[in-house]
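Worksheet for the structure shown next.
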Amino acid sequence: MKTVKIKDKEFALSITSDKIQKAVCNIARKINTDLAGKDPLFLVVLNGSFMFASDLFKQLTIPCEMSFIKVTSYQGTSSTEEVKMLIGLSENIKGRTIVIIEDIVDTGHTIEDIKNSLKLKDPAEIYICTCLFKPKAYLKSIKLDYVGIEIPNDFIIGYGLDYDGFGRNYADIYKIV
Ligand code: IMP
Ligand code: MG
């Protein structure tokens with residue numbers, strides 16, 4: 001079994017690049033059909049989504065724009081109250097069709113916060129597109145419109161995803177052992 005070591009932890013090959021690319025193609029095909037004529041604006045959530053976004057965009061054939069956003073976490077007034085703030089959005093999104101591009105949806109806190117922040121800017125509609133999804137960890141009810149691969153609750157790295165900043169560079173996905 002192919003493994004990689006990142007810092008103090010060992011990870012074993014879990015999802016091959018080939019399987020990821022098939023999932024990316026499936027999403028692209030659906031988006032090319034569903035969002036034709038809507039001139040969507042794709043908002044890529046950095047850092048993790050850069051690799052997925054790059055592969056996905058190469059498969060899109062409809063007129064579209066893309067831009068990059070980031071979320072920063074800070075603690076609210078009580079230590080348990082974590083708020084995610086959206087930064088980097090310079091476009092006027094009023095009346096636009098928006099597609100949020102995420103690497104992974106785990107509990108769903110991040111994607112929900114991003115969606116709520118964007119709603120305040122009055123877009124016509126917001127779709128969510130994520131490469132990976134952990135359904136057993138998901139605590140929210142908002143619909144995930146485009147999901148590449150559903151995965152178990154293991155911690156993973158590779159294909160943009162990191163452990164403590166490292167491991168984003170692998171084309172395959174590895175899970176912690
Ligand atoms: P959520 O807010 O719980 O849905 O978590 C979303 C964020 O947590 C993702 O955008 C990732 O940055 C990070 N994350 C969740 N699961 C993993 C994982 O297995 N490996 C690396 N990062 C993860
Ligand atoms: Mg992310």
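Reckoned from all heavy atoms, side chains included, excluding hydrogens, waters and symmetry mates. In listed order, ligands and their atoms are each counted from 1.
Using a 4.0 Å cut-off to heavy atoms of Glu102, the atoms of ligand 1 that qualify are 10 (O). Ligand 1 places these atoms under 4.0 Å from at least one heavy atom of Asp154: 19 (O). Using a 4.0 Å cut-off to heavy atoms of Thr110, the atoms of ligand 1 that qualify are 1 (P), 2 (O), 5 (O), 6 (C). The distance from ligand 1 to the heavy atoms of Leu161 drops below 4.0 Å at these ligand atoms: 21 (C), 22 (N).
Judged by the shortest distance from any of its heavy atoms, Glu112 lies outside the 4.0 Å radius around the atoms of ligand 1.
Of all the heavy atoms of Ile157, none lies under 4.0 Å from any atom of ligand 1, so neither backbone nor side chain is involved.
In terms of polar-atom proximity, Asp162 is not counted as a contact of ligand 1, lacking any N or O under 3.5 Å from an N or O of the ligand. For ligand 1, one of its N or O atoms has an N or O atom of Gly108 under 3.5 Å away.
Proximity of Ile128 to Lys143: side-chain heavy atoms (C-beta onward) are nowhere separated by under 4.5 Å. In this structure, the side chains of Ile93 and Asp122 stay at 4.5 Å or more apart for every pair of heavy atoms. By the 4.5 Å heavy-atom criterion applied to side chains, Phe52 and Asp103 are not counted as neighbours.
Closest heavy-atom approach to atom 13 (C) of ligand 1 among the candidates Asp164, Ile104, Asp106: Ile104.
A salt bridge is absent between Glu10 and Lys5: the closest approach of a Lys/Arg side-chain nitrogen to an acidic carboxylate oxygen does not fall below 4.0 angstrom.
By the ring pair (Phe, Tyr, Trp, His ring centres under 6.0 Å) test, Phe68 is found to be paired with no residue, residues two or more places apart in sequence or in another chain being considered.
In this pair, Phe133 and Tyr138 present their aromatic rings perpendicular. The plane angle is above 60°, beyond the 30 to 60° band. Aromatic ring orientation, Phe155 versus Tyr163: perpendicular (interplanar angle above 60°, classes split at 30° and 60°).
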